[in-house]
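Before any comments, here is the structure.
Residue numbers start from 1 in every chain, and the chains themselves are labelled A, B, ... in the order their sequence lines are given, proteins ahead of strands. Keep in mind that the numbers below use all heavy atoms, side chains included, and drop hydrogens, waters and symmetry copies.
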Number of protein chains: 4
Amino acid sequence: MSRLAILGAARDLLLERGYERLTIDAIAARAGVGKQTIYRWWASKSAVVADAALEGDLAPPLVPLPDTGDIETDLGDWLRAWTERLTTAEGTSLILALTAATADDRAVADTLYDRFTQPHEQLLRDRLELARVAGQLAPDAPVPTIAGVLIGSMLYRVLSRQAPPTADDANLVVRLVFNGSGNRSRRTGV
Amino acid sequence: MSRLAILGAARDLLLERGYERLTIDAIAARAGVGKQTIYRWWASKSAVVADAALEGDLAPPLVPLPDTGDIETDLGDWLRAWTERLTTAEGTSLILALTAATADDRAVADTLYDRFTQPHEQLLRDRLELARVAGQLAPDAPVPTIAGVLIGSMLYRVLSRQAPPTADDANLVVRLVFNGSGNRSRRTGV
Amino acid sequence: MSRLAILGAARDLLLERGYERLTIDAIAARAGVGKQTIYRWWASKSAVVADAALEGDLAPPLVPLPDTGDIETDLGDWLRAWTERLTTAEGTSLILALTAATADDRAVADTLYDRFTQPHEQLLRDRLELARVAGQLAPDAPVPTIAGVLIGSMLYRVLSRQAPPTADDANLVVRLVFNGSGNRSRRTGV
Amino acid sequence: MSRLAILGAARDLLLERGYERLTIDAIAARAGVGKQTIYRWWASKSAVVADAALEGDLAPPLVPLPDTGDIETDLGDWLRAWTERLTTAEGTSLILALTAATADDRAVADTLYDRFTQPHEQLLRDRLELARVAGQLAPDAPVPTIAGVLIGSMLYRVLSRQAPPTADDANLVVRLVFNGSGNRSRRTGV
DNA sequence: CGATAAACGAGACGGTACGTCCGGTCTTGTC
DNA sequence: GACAAGACCGGACGTACCGTCTCGTTTATCG
């Protein structure tokens, strides 16, 4: 199936050149395919890129979220695993490309949300919900907000293109989310 | 000064068409300027866009961060103010355009970081530091991480292009950052 | 037989759109036939067009050349009959298409010559030969040249795409070929 | 001026490959020019070809028509000169290309008529008119028809792509036009 | 005040990529 | 087993922009 050759070529070129330097002609040439075959199945460059990221095993479907019974440890492990991925050249290129595709094309944004973002959010929410039931989270913990904070803070570090996130950053965010930074002793003292 | 006409035209077109559909020819035509005049001052389309966003009073230099003595209230107010801006069509276009420009061009990413991201982080850090000194924050509060979490979680909501962030979201994030979501009573009970 | 459907479709489209705007896909669609069925029998678009013109009763095989005993009258009638055909929109399209196909493809040129041009020349030559034997033509009359002159001069009028040839033109050419335009009286007088 | 480079490249490629195998991309590449520069000045491939033939000194503006006082000799010389040109590979390519362009595009046909065909016809007509006044032609000689016959019969030989016209053919046509082929003795005898 | 040059608008230019079209080949599924 | 339907590769099309490069024409400075 030429579909796979196209996605593979798109993935390779994406990592080699980045989103903006990626051309449909180059994908077609690398995949040994006519351009029309690409346009038969995808509406735009951004759509090909989104599919390539999701199916071209660029982004492994889901990093599994362990359940050892300790939610803080589990989330820390999971976020560090993601962080390590994002720190590689490939991971950074991938995030930048997907972000550019998202900003470029509304339809692509929706596709990526359904097939990449939303599943990750769901994974986090499910695990957090288990923790809340197990009494490890406050009964009124805003689960979706926590999921967004964990993802968003790491994404932000990548997009700012300054220092990429480290394992330490992951730990700090997780700890912050669980313990907060308000001065408890003082507050308790009041 | 034609410089201002260029930035104004770039800003207008950016909001009308978005980053990908923006062309140098269109900016030159709208500004009543020759293309060479644009290239005399900026190196690329992304550079013009970055400047237009920063100087074309698209993004007001800084939303002031109030200091009422209560850090949680102050941050909440500040984040809600930002949220309201991001919710407008213009605000969303701006963020998407700046994100695309960032993903497109490393030099632009650096410029934007220096003149947009970094000042906001600094503003937050300064205020948080005051709060820490005033004993409203835990002595070991990870100030840069907090700043990143606040910005990143809001940015994430905009980029995912699903539901834009609301005032409620802002409140939840601020409360989360201060109080955490771990089950304190249980933990205290141990 | 799908062969006839193909030739019919080709003929119709040829008259509707002209040679350059004619596509194999359109012929296949109009004929209700797969493209492969066309290529099973013809080598190229130009070959289909040539056949369509010759067999798709676009150009009736031969306009009969009458033999009343008076060669000048007979040729005049025949050339006027041709002229009337060429003057119609269909006739003009046909000539233009065949000319384009001829200029396009050497093999087609040969086919057309064998099955269209050459038979017409032969028809003329046979009739002229009869006339020569009957003493209506000079003994040394260049029969092939005469045939070429009659055909060529009409063809030229069509190809120049200015005024199409008229019955008067046909008469003048025939008279010229028989009587010449040299000043006979003067010449005889010498 | 890039215009000249384009016409030169078009002329060379026309002679190398023929009209149908000629592409705008190839012209642009050979001329060292962007495609847009071609489209800025010509509307279609056929228009470029027409101009290239007329200005790219492919077809020398006019073969001069001598005036020695003997119209038959002069016309014979002129037609033989043309014949020699058409017999070369270049001449044949030129005629086929111009014919294809004419059949392809009405506007081109008009241009070619005005700048190539019509001047040649005029040249012939002027010379024939002089001859008629000088008493070398019959008073009622159909001058335009004669011009058309001379051109058309040679053109026909080239387009049929069988034997190209020879000097003999030219002589025969000229003699035919002046003396006719009717059996004068018999006719006179009647 | 008039010369001289810098900055400018206009837009042609060489290029690269776009998204479309079509020719001719190959594959699939139906009748 | 023949055929319609149409995917497929290749390659040309005509368009849109890029960033560079002349061209005159204002402006603005200085002689």
| Taking the side chain of C:Ser44 as heavy atoms from C-beta outward, which of F:dG19, E:dG24, F:dG14 is closest to it? | E:dG24

| request: Select from D:Val33 and C:Arg21 the residue whose nearest nucleotide in DNA chain E is closer to the 5' end of that strand. | output: D:Val33

| task | Look at B:Arg161 together with A:Asp110 and state whether they make a salt bridge at an N to O cut-off of under 4.0 Å. | result | no

| Is C:Thr37 near enough to F:dC3 that one of its side-chain N or O atoms lies under 4.0 angstrom from OP1 or OP2? | no

| said: Measure CD/C:Glu20 against P/E:dC22 and give the value in whole Å, please. | reply: 12 Å

| query | Nearest-Å distance, CZ (B:Arg17) to P (F:dC17)? | reply | 8 Å

| task | Spell out, as yes or no, whether a donor-acceptor pair under 3.5 Å connects the side chain of C:Ser2 to the backbone of C:Ala5. | result | no

| For A:Ala101, does its backbone N or O pair with a side-chain atom of A:Lys45 as donor and acceptor, under 3.5 Å? | no

| task | Provide, to the nearest angstrom, the distance between the CD1 atom belonging to C:Ile38 and the C1' atom belonging to E:dC26. | result | 16 Å

| query | Should A:Ser2 be listed as having a side-chain N or O under 4.0 Å from OP1 or OP2 of F:dA7? | reply | no

| request: Round to a whole Å and report the spacing from CG of D:Leu22 to P of F:dG11. | output: 17 Å

| Once you round it to whole Å, what is the distance between P of E:dC22 and NZ of C:Lys35? | 10 Å

| Can you tell me if the side-chain N/O atoms of C:Thr23 get under 4.0 Å from OP1 or OP2 in E:dC21? | no

| task | Take atom NZ of A:Lys45 and atom C1' of F:dC17, then tell me their distance rounded to the nearest Å. | result | 13 Å

| Between E:dG23 (P) and C:Tyr19 (OH): distance, integer Å | 9 Å

| task | Taking only the side-chain nitrogens and oxygens of B:Arg40, find out if one of them lies under 4.0 Å from OP1 or OP2 of E:dA7. | result | no

| Which value, rounded to the nearest 0.5 Å, describes the distance between C:Ser46 atom OG and D:Glu20 atom CD? | 8.0 Å

| said: Is there a side-chain contact between D:Trp42 and D:Leu7 in this structure, where contact means two heavy atoms from C-beta onward sitting under 4.5 Å apart? | reply: yes

| Quick one: does B:Gln36 reach the base of F:dC21 with a side-chain donor-acceptor pair under 3.5 Å? | yes

| request: Quickly work out the D:Asp25 CG to F:dT15 C1' distance and round it to whole Å. | output: 13 Å

| A:Gly32 or B:Ile24: which one's nearest nucleotide on DNA chain F is closer to the 5' end? | A:Gly32

| task | Report the residue (A:Tyr39 or D:Gly34) whose heavy-atom-nearest nucleotide on DNA chain E is the more 5′ of the two. | result | D:Gly34

| What is the nucleic acid contact for D:Trp41, judged by heavy atoms within less than 4.0 Å: base, sugar-phosphate only, or nothing? | sugar-phosphate

